[in-house]
Number of protein chains: 2
Amino acid sequence: MRIGELSARTGASRRSLRYYEQQGLPVSARSPRGQRCYGDDHVQRVALIQIFLAAGVSSRNLARMVPCMTEPNMDRARQALTVMNQERTRLSFTIDSLAAAREALDHLIDVNRTFLASVEDDVPSDR
Amino acid sequence: MRIGELSARTGASRRSLRYYEQQGLPVSARSPRGQRCYGDDHVQRVALIQIFLAAGVSSRNLARMVPCMTEPNMDRARQALTVMNQERTRLSFTIDSLAAAREALDHLIDVNRTFLASVEDDVPSDR
DNA sequence: CTAAACGCTCACATCAATGTCAAGGGCAAG
DNA sequence: CTTGCCCTTGACATTGATGTGAGCGTTTAG
């Protein structure tokens, strides 16, 4: 399939797909007269890329991980493993931070709700 | 205290503190001849801002939440509550996404590790 | 064959938070 | 008063993923 279809199937814009490729993500298989040509397997690979990009993995690091997903290779595998572990640590840290933020938010929401309730009850309580 | 000290206490750069204020975050209390002047309570408020900014809350939305933390007010409280709930939803969604990404990553790590182990065992198994 | 629809590259724009630099004002100690 | 440090505003730079548009080739349907 060509880029338009892959874009439709993955939800990634054509622009993004070209960008991924430009960043070294092996999402391409250039063909006939310069047009990008993809197979069904690329759909899943792009999905994975989207997941990790959304998770804050830089395309730079992703480029060191993705090749490994497709074509195992001793040298790269070791490097990839290192990056993956780093990213895992970063991810865990981020998740914890977000959870903490959510707790703080819950507290604020609670305070706010209580405040609003007290104000609204003021009139009734005046009866 | 002035901006330098607040910066030192919170870890936020002077630039950031001015930026927060510019974005409508009530992190200021302009004084004598134009210099920003803060109280101890500002330290905690900035800390909260940092937490939420790091959690991906836009300064725009933060501006609708923060005033409420400091000075309860019916009108703003309702608006803030709406924003807070939206942000909470977004946060939860993000956390789930990151957790999913981490699982995907764990899988990749496992595959990679297995691959490496198999390759390394190849020589010993050849004996 | 022609037009529509799609693809290619290049380049500039965007957003958000922050860095950085410039030109100047405020204030304390010598 | 001067030196030094902190402050002010304003403007331009950066980073990363993506949008957008121009100018030009390709493929496909009529």
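Using a 4.0 Å cut-off, some side-chain N or O of B:S16 falls inside it from OP1 or OP2 of C:dT18. Distances shorter than 4.0 Å separate none of the side-chain N or O atoms of A:Y20 from OP1 or OP2 on D:dA17.
Counting heavy atoms from C-beta outward, B:R102 and B:L98 have side chains that stay 4.5 Å or more apart. The closest side-chain heavy-atom distance from B:R14 to B:L6 is not below 4.5 Å.
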Between B:R88 and B:N85, is the side-chain hydrogen bond (donor to acceptor under 3.5 Å, both in side chains) condition met? List the steps. CA-CA 5 Å; B:R88 195 194 188 282; B:N85 281 319; over 6 Å; no
Could you go through the side-chain hydrogen bond (donor to acceptor under 3.5 Å, both in side chains) check for A:S16 and A:S13 one step at a time? CA-CA 5 Å; A:S16 294; A:S13 69; 2.9 Å; yes
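Residues B:E21 and A:S13 both approach DNA chain D. Their nearest nucleotides, taken by heavy-atom distance, put B:E21 toward the 5′ side. Mapping B:Q35 and B:S58 onto DNA chain C via the closest heavy atom, the residue that lands nearer the 5' end is B:S58.
In the set D:dG16, C:dG7, C:dT18, C:dT18 carries the atom at the smallest distance from any side-chain atom of B:L53. The side chain of B:R15 approaches D:dC12 more closely than any other nucleotide in the set D:dT28, D:dT8, D:dC12. Closest to the side chain of A:R33, from the set C:dA17, C:dG7, D:dT27, is D:dT27.
Rounded to whole Å, atom C1' of C:dG7 lies 9 Å from atom CZ of A:R36. Summarising the geometry, the separation between CD on B:E5 and P on D:dC7 is reported as 9 Å, rounded to the nearest angstrom. A:R2 places its CZ atom 9 Å from the P atom of C:dC8, with the value rounded to the nearest Å. Rounding to whole angstrom units, OH of residue B:Y19 and P of D:dC12 are separated by 18 Å.
Looking at heavy-atom distances under 4.0 Å, B:R60 makes no contact with the nucleic acid at all.
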